[in-house]
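Just below is one structure, and these are the notes that go with it.
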Amino acid sequence: MSATVEIPPMVEVRNPLAARILADPDVALWLKPFMKAELSVKEAAETLKVPLQTLHYRVEQMVEAGLLEVVGLEARRGRPIKRYRATATGFKVPLDLIPPRMLEDLESAVFWSRQLQEGLERTRRLPKYRDHLTVYLNEHGLMIFGSSHEKVRPKLLGDDEPAVLSLWTIGLHLTREDAKALQAELWEIYQRYHKRQGPERYVLHLGMAPHPDGR
């Protein structure tokens, strides 16, 4: 049995600005380097590969929101360099502090879906990408959309192919017990890989749900 995912101690956010920052993944990512280490704005900008002036603005916002604090001053000629650290490595945000539109985007995974789609599109532009869309009826008479066939190992899984997979299906007919077993296996696969520290970054989406029409 694989170890469970570790969740750090959570600090509850009560500042509306902090809630808006944390509820926007595009903005919250600016906080990440400071959650790992004590950094100057310049060091964090180099880590994030973003313009220094842009990060200065975000740092001022995060300090105002109580997400960042000054933890040291580095002496130099002229004004000393401030060093910052996140006030916690985990935050929980009451939903009533999140603007409705932002909450809707979070619940529909707009940001993460966009990241996955952009990653797939970038892969499709690679010269050696040889995947294809398959649309077919399975033995249950259901139409399947995907990049692989449910009974044949797809060419995409070859060692010289990109590490991508996009498969959507409504063709699973399971008992409640089988569905729960699949749910647990998917979770265990995620736990097996999530702590590894390889050089390449991937977007992963695992999702399953009962079909909405109940059949």
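Every side chain to side chain contact (heavy atoms under 4.5 Å, CB included) that Glu69 has, sequence neighbours left out, goes to Val71, Thr87. When the salt bridge (Lys or Arg N to Asp or Glu O under 4.0 Å) test is applied to Glu12, the partners found at least two apart in sequence or on another chain are Arg14. Partners of Glu200 by side-chain hydrogen bond (donor to acceptor under 3.5 Å, both in side chains), not counting sequence neighbours, listed by chain and number: Tyr202. A search for side chain to side chain contact (heavy atoms under 4.5 Å, CB included) contacts involving Val50 returns Trp30, Ala45, Leu48, Leu55, not counting sequence neighbours. By the side chain to side chain contact (heavy atoms under 4.5 Å, CB included) test, Leu182 is found to be paired with Leu172, Leu174, Leu186, Met208, residues two or more places apart in sequence or in another chain being considered. In this view, Lys42 and Ser40, Glu46, Leu52 satisfy the side chain to side chain contact (heavy atoms under 4.5 Å, CB included) rule, not counting sequence neighbours. Here Glu104 pairs with nothing under the side-chain hydrogen bond (donor to acceptor under 3.5 Å, both in side chains) rule; sequence neighbours left out. Here Lys32 pairs with nothing under the side-chain hydrogen bond (donor to acceptor under 3.5 Å, both in side chains) rule; sequence neighbours left out. With sequence neighbours left out, Glu43 forms a salt bridge (Lys or Arg N to Asp or Glu O under 4.0 Å) with Arg83.
Summarising the geometry, atom CG belonging to Leu67 is positioned 7.5 Å from atom CG belonging to Leu17; distances are rounded to the nearest 0.5 Å. Between atom CE of residue Met62 and atom CG of residue Asn15 there is a gap of 13.0 Å, rounded to the nearest 0.5 Å. In this structure, the separation between CZ on Phe91 and CD1 on Ile21 is 10.0 Å, given to the nearest 0.5 Å. Here the CD atom belonging to Glu74 is positioned 9.0 Å from the CD atom belonging to Glu38, to the nearest 0.5 angstrom. Within the model, atoms CG of Leu68 and CD of Glu60 stand 11.5 Å from one another, a figure rounded to the nearest 0.5 Å. For the atom pair Leu97 CG and Leu103 CG, the distance stands at 11.0 Å (nearest 0.5 Å).
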Practice task
Give the C-alpha distance, both sets of side-chain angles, the deciding distance and a yes or no for side chain to side chain contact (heavy atoms under 4.5 Å, CB included) between Arg58 and Val27.
Solution key: CA-CA 8 Å; Arg58 293 299 184 188; Val27 178; 3.9 Å; yes
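More than 12 heavy atoms of other shown residues, nucleotides or ligands fall within 6.0 angstrom of atom CZ in Arg196.
Of all heavy-atom pairs spanning Ala44 and Pro33, the tightest one is CB-CB, 4.4 Å. The heavy-atom pair separating Phe34 from Tyr84 by the smallest distance is CD2-O, 3.7 Å. The two residues Ala19 and Val93 make their nearest non-hydrogen contact at CB-CG1, 3.5 Å.
The closest side-chain heavy-atom distance from Leu31 to Leu22 is below 4.5 Å. With a 4.5 Å cut-off on side-chain heavy atoms, Ile81 and Arg76 count as touching.
Applying the side-chain hydrogen bond (donor to acceptor under 3.5 Å, both in side chains) rule to pairs touching residues 92-102 yields nothing, sequence neighbours excluded.
Under a hydrophobic-cluster definition in which Ile, Leu, Val, Met, Phe, Trp and Tyr are linked whenever side-chain heavy atoms come within less than 4.5 Å, directly or via other members, Tyr57 and Val41 are assigned to different clusters.
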